[in-house]
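Single-structure report; data block below.
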Amino acid sequence: MKTMHLYRSLGVVAVGMMSMLATSCEEDIDNTASRNRSEIELAPSGEYIKLDESKPNETAVTLKWSAAHDFGEDYITTYKYEMQLIGSEATNIKEFDDDGEFFRSYTNEEMQKILVDHFGLTTSTIGEVLFTVTANFEGPRLMVPDIATATLKIKTYGPKQYKADNLYVGGSAVGEDNIKLTLKDEVNKIYSYEGALVAGKINFPVDYADELNAIGPETADAPITTGEMTGVISDCAEAHSWVIPSAATYRITVNMSKQTVKIVEAGAVVEAEQMFLAGTAVGEEQIEIAQTLENDRLYAWRGELKAGRLYIPLTFEGEQSMAIVPEVADNHDIEDGQLATFRQALINKVDRQYWTIPSDGTYRIVLNKEEKTITIYSAATDLKPLRVSFNNTELGKNPWEQDVNVLHMYGGFNGFAYDAGTDEETGKSLKYCQVKYDLIQSLANPKVFVYKGDVLPRTKYTDNYGKANAGWVNFSTLRYANNGWFVGSTAAAERNKYNGYKEVETGKIEGAVVGQSHNRYAYFLIPEGCNYVVVNIENNTVLFDIK
């Protein structure tokens with residue numbers, strides 16, 4: 001068999017070789033001659049290799065292969081050697097060779113650089129590397145190539161990855177046996193545990209591949225906080241610990257994606273994705289109590305309850321294990337209309353910890369999860385909307401009185417577009433305002449109104465005095481007349497003489513003027529991108545923001 005020496009290259013195919021192959025492709029493959037002639041074998045130095053950073057020049061990987069079948073002097077045999085990291089988008093490493101050695105070797109440092117720098121494998125990670133040797137035969141007839149493959153698992157060295165096959169709670173606060181955490185969110189790799197711990201130290205042992213690691217704080221014996229704490233992953237023997245100050249039931253969340261740890265005593269802070277009303281005062285089906293639009297810390301509800309027991313279950317990570325109950329066990333008084341503190345208890349303890357709703361009726365419940373306060377209003381103590389009086393010349397009624405239960409946006413911000421139809425109370429044709437921009441009354445405070453939705457338009461519109469501005473708006477109680485009760489800006493304005501316009505900053509609370517005087521002609525200029533407005537007619541303030 002003839003041989004030809006080809007130069008060794010990285011990721012490059014010789015042009016002359018490609019030309020020869022292209023010519024040969026016109027011939028038929030001689031399956032008869034090449035069938036059962038597969039003789040090449042590829043033998044690696046091991047199936048699993050852990051690269052050693054302390055021995056950079058020591059050989060880590062070797063591969064040997066045997067010669068292919070000899071088809072005689074009329075054929076030239078060439079070998080293509082190829083390396084591929086399975087799952088990598090980087091180009092394969094290819095070499096063409098026939099130097100009679102049939103051998104490759106790599107030091108720890110060489111293989112580390114190939115896997116990390118070329119293929120993009122992360123440090124301290126196991127990668128599956130596919131090695132392929134292909135023998136091609138060039139001669140009178142095109143023979144089927146002879147191919148041998150070997151797959152090795154090779155682990156790089158360097159900084160550890162935030163990964164776990166299993167995650168545990170360990171340390172003197174746990175006891176002799178580690179406790180396995182539950183994987184709650186597979187996509188974001190969030191683990192959790194809730195249970196009793198004693199005063200002592202705690203960290204989180206990690207099983208990952210052949211490593212025994214642990215997640216701990218950056219410094220030794222760090223005190224726990226109620227917020228998310230940075231967790232560092234290191235060898236188990238070198239990991240630091242957090243300090244649990246006292247025996248209690250704790251809720252633990254380890255977020256592998258964010259590389260954070262949260263350890264809080266159950267009841268220390270309110271952790272909830274949803275809150276519900278439950279108990280005999282509610283009935284068989286729980287009722288969700290919603291987060292308010294104006295304050296992320298506030299939850300509020302208003303509706304009908306029966307005489308009976310009431311408690312508030314919390315849903316966290318898809319489970320209901322805790323509930324909000326009265327601060328003092330066996331004290332079931334709702335303290336009608338009074339601000340009271342609450343506590344959290346395991347949901348299986350609510351047979352002793354609950355509020356007693358004294359009678360059937362309409363109730364309002366307002367809960368602040370950060371300050372851990374709750375107010376339960378009966379119909380007798382319930383908060384009332386603001387009742388206003390003004391001249392309604394459209395109806396010829398002086399004075400005209402109404403409760404402010406909704407506020408409409410009024411002004412040139414939308415070119416004074418309005419919805420078709422008539423007002424339900426008066427039968428008058430609608431004009432000036434659109435329902436989609438109405439501000440909704442808060443369940444926590446009927447004197448607070450909120451818009452949260454699409455970005456508000458900022459149409460440039462010229463007023464009756466030739467003044468053009470973009471996005472001018474104020475707030476009205478009527479949709480069919482422009483002589484209602486208004487919330488206007490503090491800009492100077494005078495009826496039949498000139499309008500006033502107030503430029504506002506996103507996120508800054510502005511003062512407001514209410515009533516039916518010149519404030520009807522004093523407008524705010526909506527800032528760009530605004531999709532959130534809060535009007536407080538108890539404090540006479542307006543907020544424009546982006547949320």
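Quick caveat: nothing in here was measured; it's all calculated off a predicted structure.
Here the side chain of Asn295 pairs a donor or acceptor atom with the backbone of Arg297 at under 3.5 angstrom. Counting only distance, with no hydrogens or angles, the side chain of Glu335 and the backbone of Thr375 share no donor-acceptor pair below 3.5 Å. Between the Lys447 side chain and the Lys384 main chain, a donor and an acceptor come within less than 3.5 Å of each other. Put simply, the side chain of Asp382 never gets that close to the backbone of Tyr363: no donor and acceptor are under 3.5 Å apart. Distance alone, capped at 3.5 Å, places no donor-acceptor pair between the Asp423 side chain and the Leu430 backbone. The closest donor-acceptor contact from the side chain of Asp360 to the backbone of Ala307 lies under 3.5 Å. Using modelled atom types, one side-chain atom of Thr477 and one backbone atom of Trp485 make a donor-acceptor pair closer than 3.5 Å. Using modelled atom types, one side-chain atom of Asp336 and one backbone atom of Ser378 make a donor-acceptor pair closer than 3.5 Å. The backbone N or O of Tyr521 sits nowhere less than 3.5 Å from a side-chain atom of Arg495 that would complete a donor-acceptor pair. Between the side chain of Tyr162 and the main chain of Gly231, a donor-acceptor pair closer than 3.5 Å is present.
Ring pair Phe416/Trp472: centre-to-centre distance below 6.0 Å.
Within the structure, no pair that satisfies the salt bridge (Lys or Arg N to Asp or Glu O under 4.0 Å) test touches residues 504-520, not counting sequence neighbours.
The two residues Cys530 and Ile526 make their nearest non-hydrogen contact at CB-CG2, 3.7 Å. Of all the heavy atoms in Ala470 and Arg458, the pair that sits closest is CB-O, 3.5 Å. Closest non-hydrogen pair, Ala444 versus Leu298, comes out as CB-CD1, 4.2 Å. Of all the heavy atoms in His332 and Tyr354, the pair that sits closest is ND1-O, 2.7 Å. Of all non-hydrogen atoms in Tyr208 and Ser124, the two that sit nearest each other are CE2-O, 3.8 Å. The two atoms that bring Phe524 and Ala512 nearest to each other are CZ-CB, 4.3 Å, heavy atoms only.
The aromatic rings of Tyr410 and Tyr432 sit tilted relative to each other, their planes meeting at an angle between 30° and 60°. Ring pair Tyr437/Phe413 is perpendicular by interplanar angle, where above 60° counts as perpendicular and below 30° as parallel.
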- Task: Evaluate the criterion salt bridge (charged side-chain N to carboxylate O under 4.0 Å, His left out) for residue pair Glu194 and Arg251; output intermediate values, then yes/no.
- Result: CA-CA 4 Å; Glu194 186 171 312; Arg251 175 178 286 165; 2.9 Å; yes

- Check against side chain to side chain contact (heavy atoms under 4.5 Å, CB included), Val350 and Arg309: CA-CA 10 Å; Val350 297; Arg309 298 181 177 185; over 6 Å; no

- Please step through salt bridge (charged side-chain N to carboxylate O under 4.0 Å, His left out) for the pair Asp438 and Arg479, ending with a clear verdict. CA-CA 10 Å; Asp438 282 354; Arg479 292 181 64 206; 5.2 Å; no

- Message: Set out, in order, the CA-CA distance, both residues' side-chain angles and the distance that settles salt bridge (charged side-chain N to carboxylate O under 4.0 Å, His left out) for Glu319 and Lys184, then state yes or no.
- Response: CA-CA 10 Å; Glu319 296 180 356; Lys184 289 291 187 179; 2.5 Å; yes

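Looking only at atom types and distance, the side chain of Glu228 has no donor-acceptor partner in the side chain of Asn255 under 3.5 Å away. One side chain, Gln320 or Gln286, offers a donor N or O that lies under 3.5 Å from an acceptor on the other.
Taking a 6.0 Å sphere around CD of Glu401, one finds it holds more than 12 heavy atoms contributed by other residues, nucleotides or ligands. Counting heavy-atom neighbours within 6.0 Å of Lys349 NZ, excluding the residue itself, gives a total of 12 or less.
Residue Leu407 forms a side-chain contact (heavy atoms from CB on, under 4.5 Å) with just one option from Ile440, Leu439, Val450, Val533, and that option is Leu439.
Using a 4.0 Å cut-off between a side-chain N of Lys or Arg and a carboxylate O of Asp or Glu, Lys436 and Asp419 do not qualify as a salt bridge.
At a threshold of 4.5 Å between non-hydrogen side-chain atoms, the residues Tyr311 and Phe342 do not count as touching.
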